[in-house]
Amino acid sequence: MHFWDEHKTITRYYEIKVSGVCEKYQLRQLEYDILMFIYNNPAYNTAADIVRIRKSTKSHVSTSLKVLEDRGFIDRRIDKDNKKHVTIHLLQLANEVIEDGIWAQKEFAQDMFEGLSEEEIKVFMSVFQKVYDNAERMISNEKNS
């Protein structure tokens, strides 16, 4: 098998690892992912940020944000100076989901790096970042062509 097929196994294991959190709080995967994204990346707190960085579709993000808002996990705030700028904020009700999510993410990372030295993990992270940067550049080049 090639990396291009095998990376899906890693993603699938992550989904399995967090499925208990999703089930416990009756969340779809994207709803969970958005909560954790906002928690882990507080500077990226708009729907446009989520779409751009997570490579999700606008419609799926919009639908998920509506569900999260209706359930009291997030609040959307309109900028008083720019009515088109809406930021997303986690509410207290999301804290328990976040705590369980952090635990699941830590377990996932431990499982994935089992048997690797700190040096191997650093090399992996560096190489992966370079591959990611290459992919980002190629996507940008395709959009600008």
Side-chain angles (χ1 to χ4, degrees), residues 3-118 120-143:
F3 169 80
W4 311 116
D5 297 318
E6 293 172 340
H7 83 280
K8 294 175 186 171
T9 302
I10 297 166
T11 302
R12 180 66 187 124
Y13 180 64
Y14 178 79
E15 291 169 354
I16 290 168
K17 199 69 182 166
V18 302
S19 67
V21 179
C22 292
E23 289 172 21
K24 180 178 178 180
Y25 298 100
Q26 299 176 352
L27 294 169
R28 291 188 182 102
Q29 182 71 46
L30 184 56
E31 295 161 359
Y32 165 83
D33 289 342
I34 288 172
L35 288 177
M36 295 308 294
F37 177 82
I38 294 168
Y39 173 78
N40 287 316
N41 305 280
Y44 300 107
N45 64 352
T46 68
D49 290 336
I50 296 167
V51 168
R52 179 175 42 82
I53 295 168
R54 291 196 38 82
K55 311 291 188 273
S56 301
T57 63
K58 290 179 185 178
S59 61
H60 288 135
V61 170
S62 178
T63 300
S64 294
L65 288 172
K66 176 76 173 124
V67 168
L68 292 170
E69 185 175 36
D70 289 348
R71 294 199 45 207
F73 290 120
I74 64 164
D75 182 34
R76 293 193 249 193
R77 299 179 193 156
I78 299 170
D79 187 316
K80 63 181 179 173
D81 298 325
N82 178 357
K83 303 289 184 205
K84 291 184 179 183
H85 187 74
V86 179
T87 55
I88 303 160
H89 302 270
L90 295 172
L91 297 176
Q92 188 170 354
L93 193 57
N95 289 349
E96 193 174 334
V97 178
I98 300 297
E99 287 176 24
D100 287 352
I102 290 168
W103 182 254
Q105 287 180 341
K106 284 182 180 177
E107 284 185 343
F108 169 78
Q110 287 173 345
D111 292 347
M112 291 300 94
F113 295 130
E114 183 178 320
L116 298 177
S117 69
E118 293 218 13
E120 289 171 318
I121 293 169
K122 286 178 184 175
V123 168
F124 167 79
M125 296 293 212
S126 175
V127 170
F128 187 83
Q129 186 64 53
K130 289 177 183 179
V131 171
Y132 171 82
D133 291 344
N134 288 340
E136 280 289 311
R137 189 176 70 257
M138 294 300 124
I139 289 170
S140 180
N141 290 346
E142 287 295 318
K143 288 180 182 177

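In this structure, the side chains of Leu27 and Leu68 come closer than 4.5 Å at one or more pairs of heavy atoms. Contact of the Ser19 side chain with the Glu15 side chain is not registered, since no non-hydrogen atoms from C-beta on lie closer than 4.5 Å. Between Leu90 and Ile98 there is a side-chain heavy-atom pair separated by less than 4.5 Å. In this structure, the side chains of Ile34 and Ile88 stay at 4.5 Å or more apart for every pair of heavy atoms.
The residues Lys66 and Glu69 are annotated as not salt-bridged, no charged nitrogen and carboxylate oxygen being separated by less than 4.0 angstrom.
Distance alone, capped at 3.5 Å, is enough to place a donor-acceptor pair between the Thr63 side chain and the Ser59 backbone.
Pairing each heavy atom of Asn45 with each of His89, the nearest pair is ND2-CE1, 4.1 Å. Nearest heavy atoms, Leu116 versus Met112: CD1-O, 4.2 Å. In terms of heavy atoms, Ser64 sits closest to Leu30 at OG-CD2, 3.4 Å. Closest approach of Asp111 to Lys17, counting heavy atoms only: OD2-NZ, 3.6 Å. Closest approach of Arg28 and Cys22 over heavy atoms only: O-SG, 4.3 Å. Nearest heavy atom pair, residue Ala104 against residue Val18, reads CB-CG1, 4.0 Å.
The 12-atom threshold is not exceeded at OH of Tyr39, counting heavy atoms of other residues, nucleotides or ligands nearer than 6.0 Å. Under a cut-off of 6.0 angstrom, the local environment of CD1 in Ile78 is sparse, with at most 12 non-hydrogen atoms contributed by other residues, nucleotides or ligands.
Side-chain atoms of Trp103 and Glu107 include a donor-acceptor pair closer than 3.5 Å. Side-chain atoms of Tyr25 and Glu31 include no donor-acceptor pair closer than 3.5 Å.
In this structure, Asp100 CG and Asn95 CG are separated by 11.0 Å, a value rounded to the nearest 0.5 Å. In this structure, Leu35 CG and Leu65 CG are separated by 9.0 Å, a value rounded to the nearest 0.5 Å.
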Exercise. Between Phe108 and Ile16, is a side-chain contact (heavy atoms from CB on, under 4.5 Å) present by the stated rule, with each step listed?
Worked result: CA-CA 10 Å; Phe108 169 78; Ile16 290 168; over 6 Å; no

For this session: Using the side-chain contact (heavy atoms from CB on, under 4.5 Å) rule, take Met36 and Ile102 through it: C-alpha gap first, then chi angles, then the decisive distance, then the call.
Result: CA-CA 8 Å; Met36 295 308 294; Ile102 290 168; 4.0 Å; yes

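A tilted orientation is assigned to the rings of Tyr32 and Tyr14, their planes being inclined by 30° to 60°. Ring geometry for Phe113 versus Phe124: interplanar angle over 60°, hence perpendicular rather than tilted (30 to 60°).
Among residues two or more places apart in sequence or in another chain, the side-chain contact (heavy atoms from CB on, under 4.5 Å) test is passed with Asn82 by Asp79, Lys84, His85. The side-chain hydrogen bond (donor to acceptor under 3.5 Å, both in side chains) test applied to Gln129 returns Asp133, not counting sequence neighbours.
Within the structure, salt bridge (charged side-chain N to carboxylate O under 4.0 Å, His left out) pairs that include any residue of residues 39-57 comprise Asp33-Arg54, Asp49-Arg52, Lys55-Glu136 (at least two apart or interchain).
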